[in-house]
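Data block below; observations after.
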Amino acid sequence: MKKNIFTAAQDAVLPDEELGLINRHTLRDLTRDEVFCFTLTLCDNRVDRDMERFDVAALHKLAELFDGRTGIADHSMKSEDQMARIYKTWVEEDPAERTMNGEPYTCLKAKAYMPVTEETKEKIAQIKSGIKKETSVSCSVSAVRCSICGSNWKEGACRHRKGRVYDGKVCHGVLTDPTDAYEWSFVAVPAQRSAGVTKSLTLAEAKTTVGADEEETVTLTLDAFKGLTACAERFRQSLVDEVIRSGLLALPDLGKAALEELCGGLTEEQLDRLGKSFRHTAAERFPLRPQLSGESGRDPKTNHEFII
Ligand SMILES: [Zn+2]
């Protein structure tokens with residue numbers, strides 16, 4: 001997966017200790033003048049636009065994994081686009097800022113260096129000028145856990161959906177136990193936050209996000225949901241009972257079992273229409289007449305029925 005974050009890159013004054021760290025990765029020892037260094041934020045524990053966040057333990061693991069990784073432009077695999085290498089990583093906490101789930105804001109920071117050459121001049125100028133760029137990291141994690149029930153979405157969907165609220169908590173994916181860090185890159189900041197994000201979903205993840213784009217969604221507590229489904233069940237049963245009752249009157253030869261089977265495949269609307277049609281037919285077969293309505297065909301003026 002790839003994760004993007006906005007970062008402010010900056011110039012740095014290079015201590016001896018850091019030059020030593022850089023030279024672990026070089027064929028020959030570089031001097032202070034030959035390298036350009038900058039600090040960047042790789043990822044953090046905020047819920048991102050994919051409704052996912054890293055847990056703090058994952059950030060510490062990624063700190064180990066990202067040390068020494070090369071940075072490339074726009075996730076390009078071409079070696080000439082590899083322009084910087086991370087030589088130091090650390091996890092930083094800001095207790096003043098709380099994330100959505102109440103944790104102190106925690107991020108993975110890194111220091112990277114670039115050799116100063118003709119080819120890298122332009123990139124260095126861009127970073128120095130303070131153009132805000134987005135950093136994107138590419139890594140793999142062994143589990144994406146549901147923030148509500150903790151089930152691993154990589155193994156299958158649970159009943160919670162990303163972005164929905166359950167008991168006042170927004171459901172999101174918690175990225176845990178990173179297994180590998182592939183690379184990091186600078187990408188130009190897209191005009192729209194959602195534009196240009198490349199991320200493939202596994203089937204399990206896709207299942208959990210179905211419906212996330214619906215314009216209006218309503219979130220119910222489990223009790224309210226159970227109440228509603230029970231109400232719908234009762235309504236359907238009352239329609240079925242009515243179809244069977246009037247069906248037996250309209251078409252007695254059909255039998256109760258056949259009517260029950262027929263009802264099983266019908267929608268509530270179809271049941272309603274069928275019930276009306278059966279009632280109509282039944283009324284023709286067995287007209288409902290009050291006891292005192294008088295028999296048809298007799299002369300109402302004679303009142304013979306009332307002569308004892
Ligand atoms: Zn869940």
Side-chain angles (χ1 to χ4, degrees), residues 1-6 41-66 91 93-95 97-108 136-182 192-236:
M1 70 178 58
K2 291 178 172 63
K3 284 290 167 198
N4 299 14
I5 196 169
F6 288 93
T41 307
L42 289 175
C43 49
D44 60 27
N45 66 338
R46 271 196 206 117
V47 176
D48 65 15
R49 60 190 162 204
D50 298 327
M51 292 308 290
E52 288 176 345
R53 68 172 170 89
F54 288 102
D55 65 9
V56 173
L59 294 174
H60 285 275
K61 185 78 190 292
L62 284 171
E64 287 169 33
L65 294 170
F66 267 108
V91 174
E93 194 179 279
D94 180 4
E97 194 195 326
R98 296 271 153 180
T99 62
M100 197 165 79
N101 60 314
E103 277 179 338
Y105 173 73
T106 312
C107 62
L108 171 56
S136 171
V137 299
S138 176
C139 64
S140 61
V141 293
S142 65
V144 181
R145 299 202 174 275
C146 170
S147 65
I148 306 294
C149 70
S151 61
N152 185 0
W153 286 342
K154 284 197 153 193
E155 287 165 3
C158 65
R159 64 192 174 84
H160 304 111
R161 282 186 185 180
K162 263 188 198 175
R164 299 212 174 175
V165 181
Y166 300 91
D167 288 336
K169 285 178 178 158
V170 180
C171 176
H172 57 268
V174 184
L175 307 169
T176 55
D177 189 24
T179 49
D180 212 347
Y182 305 114
Q192 280 187 316
R193 259 181 82 80
S194 58
V197 179
T198 49
K199 188 162 177 286
S200 59
L201 288 170
T202 65
L203 189 61
E205 285 172 305
K207 266 188 218 154
T208 65
T209 54
V210 166
D213 293 334
E214 286 164 18
E215 274 184 31
E216 266 188 286
T217 55
V218 176
T219 309
L220 297 169
T221 63
L222 189 58
D223 281 349
F225 177 73
K226 280 178 180 166
L228 263 185
T229 47
C231 185
E233 274 301 311
R234 282 199 298 277
F235 174 64
R236 185 181 171 84

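Whatever order the structure lists ligands and atoms in, that order sets their numbers, starting from 1. Every value quoted in this text rests on a predicted model; they were computed, and no experiment measured them.
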For the Zn ion (ligand 1), how many protein N, O or S atoms lie at less than 2.8 Å?
4

Residue list, salt bridge (charged side-chain N to carboxylate O under 4.0 Å, His left out) with Arg236, at least two apart or on another chain
Glu268

Atom of [X], atom of [Y] and distance for their closest heavy-atom approach:
X	Y	result
Thr106	Asn45	N-OD1, 2.8 Å
Val141	Thr176	CB-O, 3.4 Å
Ala58	Asp177	CB-N, 4.4 Å
His160	Cys146	ND1-SG, 3.5 Å

Using atom types as modelled and distance alone, determine if a side-chain donor or acceptor of Tyr182 lies under 3.5 Å from a backbone N or O of Ser140.
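Such a contact is absent between Tyr182 side chain and Ser140 backbone.
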
